[in-house]
Amino acid sequence: QVQLMESGGGLVQPGGSLKLSCVASGSFRSIDVMAWYRQVPGNQRDLVARISMRYSFGATDYADSVKGRFTISRDVAKNSVFLQMNSLKPEDTAVYYCKSSVMFRDFKVDDYWGQGTQVTVSS
């Protein structure tokens, strides 16, 4: 079983910053990709950013709406991913979810989600 534990959400004023953290635990061979998604009630869950957990260079990908403001980073040894969010806007308000693509000893890959952490941007 794989568990993802998120932290770092909260209430922040427009223009402020927050940093989200997610750590994966359990019994698995490796993690291929970790990502952050967000969801507003009534809407689909959208990709915010993702990062490769393989190889020395962690390739990244961002939604257009957060480019230049958010930065995803990783700690491969600790099976962790982070999302530094700067210049936050009210439209960034959402529940943020961590997702991990995990490879097991039989080379099977499965996706797992965290429980979500609320980010509210409001004055």
Mind listing the closest non-hydrogen atom pair of [X] and [Y] along with its distance?
X	Y	answer
V81	W36	CG1-NE1, 3.8 Å
A35	L47	CB-CD1, 4.0 Å
V95	G116	CG1-CA, 3.8 Å
F70	Y62	O-CE2, 3.3 Å
G58	I51	O-CG1, 3.8 Å
W113	L4	C-CD1, 3.7 Å

Pairwise distance [atom1]([X]) to [atom2]([Y]) - rounded to 0.5 angstrom:
X	Y	atom1	atom2	result
M103	M53	CE	CE	13.5 Å
Y37	R45	OH	CZ	9.5 Å
Q44	R38	CD	CZ	12.0 Å
D110	S101	CG	OG	9.0 Å

For [Y], is there any backbone N or O sitting under 3.5 Å from a side-chain donor or acceptor partner on [X]?
X	Y	answer
S80	K78	yes
N43	V40	no
T93	V121	yes

Minimum side-chain heavy-atom gap [X]-[Y] below 4.5 Å:
X	Y	answer
R69	M85	no
F82	I72	no
V48	L83	yes
Q39	Y97	yes

(message) Using the side chain to side chain donor-acceptor pair (under 3.5 Å) criterion, which residues pair with D61? Sequence neighbours excluded.
(response)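 Per chain and number, D61 pairs via side chain to side chain donor-acceptor pair (under 3.5 Å) with R50.
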(request) Please check if any side-chain donor atom of Q118 sits under 3.5 Å from a side-chain acceptor atom of T120, or the reverse. (result)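 Side-chain D/A pair, Q118 to T120: present.
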Please output the side-chain donor-acceptor pairs of residues 9-34 that fall under 3.5 Å, not counting sequence neighbours, one pair per line with the distance.
| from | atom 1 | to | atom 2 | distance (Å) |
| --- | --- | --- | --- | --- |
| S17 | OG | N86 | OD1 | 2.9 |
| R29 | NH2 | R105 | O | 3.0 |

(request) Answer yes when D64 and K67 have at least one side-chain N-carboxylate O distance shorter than 4.0 Å, and no when they do not. (result)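 Looking at D64 and K67, the cut-off is met.
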